[in-house]
Number of protein chains: 2
Amino acid sequence: MKLTHKTEYAILALIHLAREGESQTESISKECDIPFKFLQQILRELRLKQLVTSVRGPNGGFKLKRPANKISLAEVVRAFDGPLAPTSAVSVYFYEPGPLEAEPKTLRVFKEVRDFVSKKLEKTTIFDLV
Amino acid sequence: MKLTHKTEYAILALIHLAREGESQTESISKECDIPFKFLQQILRELRLKQLVTSVRGPNGGFKLKRPANKISLAEVVRAFDGPLAPTSAVSVYFYEPGPLEAEPKTLRVFKEVRDFVSKKLEKTTIFDLV
DNA sequence: CATATTCTTGACAAAGTTGGTAGACTTTAT
DNA sequence: ATAAAGTCTACCAACTTTGTCAAGAATATG
């Protein structure tokens with residue numbers, strides 16, 4: 001797992017929504033210091049991934065689709081950056097074969113990393129981060 | 001931390017050298033199934049990073065510069081892929097500010113990930129993977 | 001010494017990812 | 001009507017990844 005800025009922005013936006021209840025793109029952009037146009041794109045993805053809902057028109061905006069304690073960090077990271085595992089050769093949800101395949105001992109080490117990260121991020125929710 | 005193929009190849013080559021004692025590029029290439037020209041480049045980096053030594057000419061080749069149990073996985077991964085941390089905002093050796101900076105609780109989660117990964121990879125050596 | 005073998009070095013390149021931006025469109029409160 | 005939101009598609013520059021290529025330098029062997 002390597003976090004991109006986009007994923008970090010997504011996490012910030014979700015935390016913000018958890019705090020405020022509801023908010024508009026411009027206000028999130030200013031308070032979280034996220035480039036407006038980039039944030040629009042991110043909020044759209046968050047909606048497509050069922051993490052937020054939106055309302056259009058004046059006084060529109062966004063809010064969390066589920067309670068903050070039902071949105072895990074794992075879900076957010078997976079949605080934006082893909083595998084939590086350090087290499088897709090040991091990924092559960094995004095498995096792909098790779099060069100390391102032939103070395104079981106090495107695979108084991110990275111699987112232990114994957115398991116730790118996965119457990120940690122599954123049990124941490126946006127609520128915990130507010 | 002996200003492993004690239006290059007890093008995985010580097011790990012494979014080091015394990016191979018630990019097993020064989022010494023070996024030539026072509027033989028490593030064939031046995032580990034690493035593209036020859038790419039491997040040349042990787043072995044050069046491994047030498048520059050003081051992980052292997054080389055001998056030129058016929059019957060030349062490569063061997064580990066240090067005993068296998070003195071080469072940690074952490075060192076190899078850091079040399080090729082940079083930070084072990086999931087984001088450079090929580091990296092010790094490669095720190096850079098990032099969007100997450102403003103959220104201490106979130107930083108903490110990722111620091112715990114970093115610490116686990118770091119400990120795990122520091123104490124795993126090439127010797128353990130042979 | 002000649003030659004073949006092997007490592008050395010620097011450049012290059014196609015494809016994919018990252019971190020955005022632009023602008024036209026749709027919905028809706030007033 | 002109009003203005004204030006979100007929606008959607010497309011685009012772009014910079015960087016990283018995954019290699020390839022070719023010429024050069026060192027050295028063991030005959």
Side-chain angles (χ1 to χ4, degrees), chain A residues 1-13 17 22-30 32-49 51-63 65 77 79-83 87-88 94 96-100, chain B residues 1-13 17 22-30 32-49 51-63 65 77 79-83 86-89 94 96-100:
Chain A
M1 170 191 49
K2 170 125 186 286
L3 298 182
T4 60
H5 279 193
K6 193 170 178 178
T7 308
E8 299 192 25
Y9 288 146
I11 295 168
L12 289 180
L17 287 174
E22 56 183 49
S23 190
Q24 296 184 330
T25 310
E26 195 177 347
S27 139
I28 303 174
S29 168
K30 278 178 178 147
C32 300
D33 203 40
I34 305 173
F36 181 80
K37 277 303 201 174
F38 200 19
L39 178 59
Q40 268 190 330
Q41 186 187 120
I42 291 165
L43 286 168
R44 189 188 166 220
E45 285 186 55
L46 285 170
R47 180 175 53 82
L48 294 175
K49 287 174 165 138
L51 295 174
V52 304
T53 56
S54 64
V55 175
R56 286 152 91 134
N59 303 326
F62 296 87
K63 59 182 187 179
K65 183 156 188 182
V77 173
F80 281 88
D81 277 337
T87 164
S88 48
F94 299 85
E96 272 178 72
L100 239 41
Chain B
M1 171 191 48
K2 169 121 187 289
L3 297 182
T4 60
H5 280 194
K6 192 170 179 180
T7 307
E8 298 192 26
Y9 287 147
I11 294 168
L12 289 180
L17 287 174
E22 55 183 47
S23 191
Q24 295 184 332
T25 310
E26 195 178 348
S27 139
I28 302 173
S29 167
K30 277 176 179 150
C32 299
D33 205 41
I34 305 173
F36 181 79
K37 280 301 201 174
F38 200 19
L39 177 58
Q40 269 190 329
Q41 181 186 306
I42 290 165
L43 286 168
R44 187 185 168 217
E45 286 186 56
L46 284 170
R47 181 175 54 80
L48 294 175
K49 274 147 182 163
L51 295 174
V52 305
T53 57
S54 64
V55 175
R56 286 150 91 133
N59 303 325
F62 295 87
K63 59 180 186 180
K65 182 156 190 181
V77 173
F80 281 88
D81 276 339
T87 165
S88 49
F94 298 85
E96 271 178 72
L100 239 42

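Not measured: the values here are computed from a predicted model. Order of the sequence lines sets the chain letters (A, B, ...), proteins ahead of strands, with each chain counted from 1.
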By nearest-nucleotide position on DNA chain C, the 5'-leaning member of B:L48 and B:G60 is B:G60
Whole-Å gap separating C1' (C:dG20) and CZ (A:F36) = 14 Å
Kindly indicate whether the side chain of A:R56 and the base of C:dT26 share any N or O donor-acceptor pair separated by less than 3.5 Å?
-> yes
Calculate the interatomic distance between A:L17 atom CG and D:dG6 atom P; express it in whole Å.
-> 11 Å
Using whole Å, report how far CD1 of B:I42 lies from C1' of D:dG19.
-> 9 Å
For the pair made of CG in B:L43 and P in C:dG10, what is the distance, rounded to whole Å?
-> 17 Å
N or O in side chain of B:S54 less than 4.0 angstrom from C:dT6 OP1/OP2 = no
Counting side-chain heavy atoms from CB outward, which of C:dT18, C:dG20, C:dT5 is closest to A:T4?
-> C:dT18
Closest listed nucleotide, where the reference is the side chain of B:K6 and the choices are D:dC21, D:dT18, C:dC7 = D:dT18
Kindly point out which of C:dT8, D:dT18, C:dG20 is positioned nearest to the side chain of A:P35?
-> C:dG20
Look at A:N59 and D:dA4 and indicate whether a side-chain polar atom (N or O) is within less than 4.0 Å of OP1 or OP2.
-> no
Considering non-hydrogen atoms only, spot the tightest contact between B:Q40 and B:T25 and give its length.
-> CG-CG2, 3.9 Å
Looking only at side-chain atoms of A:T25, point me to the closest of D:dG6, C:dT8, D:dT9.
-> D:dG6
Which value, rounded to the nearest 0.5 Å, describes the distance between B:L51 atom CG and B:L46 atom CG?
-> 5.5 Å
Does any donor-acceptor pair link the side chain of A:K37 with the base of C:dG19 at a separation under 3.5 Å?
-> no
B:F38 side-chain proximity, nearest of D:dT18, C:dT5, D:dT7 | D:dT18
A:Q40 side chain, from C-beta outward: closest of D:dT20, C:dG19, C:dG23 | C:dG23
Between C:dT18 (C1') and A:D81 (CG): distance, integer Å | 10 Å
Nearest-neighbour nucleotide for the B:Y9 side chain, D:dG19, D:dT7, D:dA10 considered | D:dG19
Can you check whether A:R47 has a side-chain N or O nearer than 4.0 Å to OP1 or OP2 of D:dT7?
-> yes
Protein-nucleotide distance (B:E45, atom CD; D:dT18, atom C1'), rounded to Å | 12 Å
Among C:dG20, C:dA4, C:dA29, the nucleotide that comes nearest once only the side chain of A:H5 is considered = C:dG20
Contact class for A:Q41 (heavy atom, under 4.0 Å): base, sugar-phosphate, or nothing?
-> base
B:T87 versus A:E8, closest heavy-atom pair with distance | OG1-OE2, 2.8 Å
Return the value, rounded to whole Å, for the distance between atom CZ of A:R44 and atom C1' of D:dA5.
-> 16 Å
Between C1' of D:dA5 and CZ of A:F62, the distance in whole Å = 9 Å
Considering only D:dG19, D:dA10, D:dA5, which nucleotide approaches the side chain of A:Q24 most closely?
-> D:dA5
